[in-house]
Number of protein chains: 2
Amino acid sequence: MAKKNRNSGCPVSNSLDIWGDKWSLLIVRDLMYEKQCTYGDFLKSEEKIATNILATKLQILEAEEIISKSQHPESKAKFLYKLTEKGISLLPVLIEIYLWGEQYFELSENHKKFLQDVKKDKEAFLKRAQENLRKAL
Amino acid sequence: MAKKNRNSGCPVSNSLDIWGDKWSLLIVRDLMYEKQCTYGDFLKSEEKIATNILATKLQILEAEEIISKSQHPESKAKFLYKLTEKGISLLPVLIEIYLWGEQYFELSENHKKFLQDVKKDKEAFLKRAQENLRKAL
DNA sequence: ATATTCTACTTGTATTTTGCAAGTTAGTTA
DNA sequence: TAACTAACTTGCAAAATACAAGTAGAATAT
């Protein structure tokens, strides 16, 4: 699972090479909400990612230093996944995707509530959320 | 090439179902820069998309009303692809991806210049760029 | 202590998507 | 009217995705 060579010179292309797929940003989304997740937590989320895909994507995101993997303080059988600083800096991207999606899809109540919060003051929300996530680093 | 059923309730998941891949946002990027492109223009861009993939992605993006296809005013052999309003509203997403990528990749000179412009005043840039694209609608 | 369950995966295989190379067809240009 | 261009399509190989089942070590229940 080595890093691919990225030489496009375009930051969009290089970024999409890492997390431009159906699942990576959903993993980041889960970590934005939960701060830290176990393997099982990811499996539980609504979109029902297949376990082998999850394993692969977690490996890639860890290799790219977007997430980190650490021991669970209460069990040797569990691991905790968290966003790194590089992952936390993806929040503005994620929020803009939320805001775009809001315009064109029917949302569930919890997502509506989340966006209400975001839209009150986007910059303030981001700052708050990112600071909050940094505490878990 | 029918639309898939999207019922996740999460706007991120629903959005990624449409354009969560390596190529779709690069097509949007090209249209942000160029305003309107022919099929051949897309093929010329740096990342060298395969022609069958391009055809498929253009179809999907058109079906999702993110881009529109119209006759070229000067030739019956050519078509013009443009961003729709739905596509234009993807610009904030694209810009945040640019800004994220800037932090973690080496950029080419033209992308550096572009970002310098963006960073002077992000909101103003977006408004200007979006208004500019709307003129071509 | 040991059998059962839990947690984080891995493996096998089918399906879908991506990628490359080579057509094809209608419209344009020499 | 022949060559060329533009926008695709087709065929096939390779890779990614998806589903189902299995495994190994740690925790829990008996």
Side-chain angles (χ1 to χ4, degrees), chain A residues 1-8 13-14 16-27 30-31 34 36-64 67-82, chain B residues 1-8 13-14 16-27 30-31 34 36-64 67-82:
Chain A
M1 207 72 59
K3 293 188 191 184
K4 287 176 194 167
N5 58 319
R6 281 179 291 281
N7 44 13
S8 150
S13 177
N14 292 335
L16 294 175
D17 275 340
I18 299 180
W19 45 259
D21 64 280
K22 163 77 211 195
W23 295 109
S24 298
L25 285 181
L26 293 179
I27 290 170
D30 285 355
L31 288 171
E34 302 295 339
Q36 47 189 35
C37 295
T38 62
Y39 192 88
D41 289 336
F42 291 118
L43 286 180
K44 273 175 228 148
S45 69
E46 201 179 8
E47 288 86 4
K48 300 292 164 217
I49 185 170
T51 172
N52 56 341
I53 313 273
L54 177 59
T56 304
K57 293 300 173 188
L58 288 173
Q59 265 185 57
I60 294 171
L61 291 174
E62 198 193 351
E64 296 289 348
I67 63 174
S68 66
K69 182 182 180 177
S70 56
Q71 295 282 343
H72 194 287
E74 286 164 16
S75 163
K76 280 189 96 178
K78 292 183 182 178
F79 295 94
L80 284 177
Y81 291 95
K82 299 173 196 174
Chain B
M1 209 69 57
K3 294 190 191 185
K4 287 176 193 166
N5 58 318
R6 280 178 293 279
N7 44 12
S8 151
S13 177
N14 292 336
L16 293 176
D17 275 341
I18 300 180
W19 45 260
D21 64 280
K22 164 76 211 191
W23 295 109
S24 298
L25 285 182
L26 292 180
I27 290 170
D30 285 354
L31 288 172
E34 303 295 339
Q36 48 189 35
C37 294
T38 63
Y39 192 88
D41 289 336
F42 291 119
L43 286 179
K44 273 175 228 148
S45 69
E46 202 178 9
E47 289 85 4
K48 301 290 164 219
I49 186 170
T51 171
N52 56 339
I53 313 273
L54 177 59
T56 304
K57 293 301 173 188
L58 287 174
Q59 264 185 56
I60 294 171
L61 290 175
E62 198 192 350
E64 296 290 348
I67 63 173
S68 66
K69 182 181 179 178
S70 55
Q71 295 281 342
H72 193 288
E74 287 164 17
S75 164
K76 278 191 100 178
K78 292 182 183 179
F79 295 95
L80 284 177
Y81 292 95
K82 300 173 197 175

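Every heavy atom of this structure was used, including side-chain atoms; hydrogens, water molecules and symmetry mates were not. Below, chain A is the first sequence line, B the second, and so on; all start at residue 1.
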## Note on the structure
Which of D:dT17, D:dT9, C:dG19 is nearest the side chain of B:Ala50? It is C:dG19

### Task
Report yes if a side-chain nitrogen or oxygen of B:Thr38 is closer than 4.0 Å to either non-bridging phosphate oxygen (OP1 or OP2) of D:dA7; otherwise report no.
yes

### Task
Taking B:Lys78 for its side chain and B:Pro73 for its backbone only, find out whether a donor-acceptor pair lies under 3.5 Å.
no

### Query
Do A:Ile27 and A:Lys57 have side chains that get closer than 4.5 Å, going by heavy atoms?
yes

### Task
Rounded to the nearest angstrom, tell me the gap between atom CD1 in A:Ile53 and atom P in C:dT15.
16 Å

### Message
Counting only side-chain heavy atoms from C-beta out, which of C:dC9, C:dT10, D:dA27 sits nearest to A:Gln59?
### Response
C:dT10

### Summary
Rounded to whole Å, OH of A:Tyr39 lies from P of D:dA26 at a distance of 18 Å

### Query
To the nearest Å, how far apart are A:Leu54 CG and C:dT11 C1'?
16 Å

### Task
Look at A:Lys44 and C:dT7 and indicate whether a side-chain polar atom (N or O) is within less than 4.0 Å of OP1 or OP2.
no

### Query
Does A:Lys76 have a side-chain nitrogen or oxygen under 4.0 Å from the phosphate oxygens OP1 or OP2 of C:dT7?
no

### Query
Within less than 4.0 Å of OP1 or OP2 of D:dA16, is there a side-chain N or O belonging to A:Trp23?
no

### Message
Distance check needed: C:dC20 P versus B:Glu47 CD, whole Å only.
### Response
13 Å

### Query
Starting at CZ of A:Phe79 and ending at C1' of C:dC9, how long is that distance when rounded to a whole Å?
10 Å

### Query
Can you check the B:Lys78 NZ to D:dC8 C1' distance for me, whole Å?
15 Å

### Query
Closest to the A:Ala55 side chain: C:dC9, D:dC8, D:dT17?
C:dC9

### Query
Are the side chain of B:Asp17 and the backbone of B:Asn14 linked by a donor-acceptor contact shorter than 3.5 Å?
no

### Query
What is the distance, rounded to the nearest whole Å, between atom CG of B:Asp41 and atom P of D:dT5?
15 Å

### Query
Using a cut-off of 4.0 Å on non-hydrogen atoms, how would the nucleic acid contact of A:Lys48 be classed: base, sugar-phosphate, or nothing?
nothing

### Task
Indicate, yes or no, whether a donor-acceptor pair under 3.5 Å links the base of C:dC9 to the side chain of A:Asn52.
no

### Query
For the pair made of CG in B:Leu58 and P in D:dA6, what is the distance, rounded to whole Å?
16 Å

## Note on the structure
Which of B:Ile53, B:Asn52, B:Thr51 passes side-chain contact (heavy atoms from CB on, under 4.5 Å) with B:Ile49? Answer is B:Ile53

### Task
Report yes if a side-chain nitrogen or oxygen of B:Lys57 is closer than 4.0 Å to either non-bridging phosphate oxygen (OP1 or OP2) of C:dT18; otherwise report no.
yes

### Message
Quick check for you: to the nearest 0.5 Å, what is the distance between B:Asp30 atom CG and B:Gln36 atom CD?
### Response
13.5 Å

### Phosphate-side-chain proximity, A:Tyr81 and C:dC9, N/O vs OP1/OP2 below 4.0 Å
yes

### Message
Quick check on D:dA6: is either OP1 or OP2 less than 4.0 Å from any side-chain nitrogen or oxygen of B:Lys69?
### Response
no

### Summary
Comparing nearest nucleotides in DNA chain D, the 5'-proximal residue of the pair B:Gly40, A:Asp21 is B:Gly40

### Message
Please determine whether the number of non-hydrogen atoms from other residues, nucleotides or ligands lying under 6.0 Å from atom NZ of A:Lys48 exceeds 12.
### Response
yes

### Query
Does A:Ala77 or B:Thr51 map to a spot on DNA chain D nearer the 5' end, using the closest nucleotide for each?
B:Thr51

#### Entry: Below 4.0 Å: OP1/OP2 of D:dA27 and any side-chain N or O of A:Ser75
yes

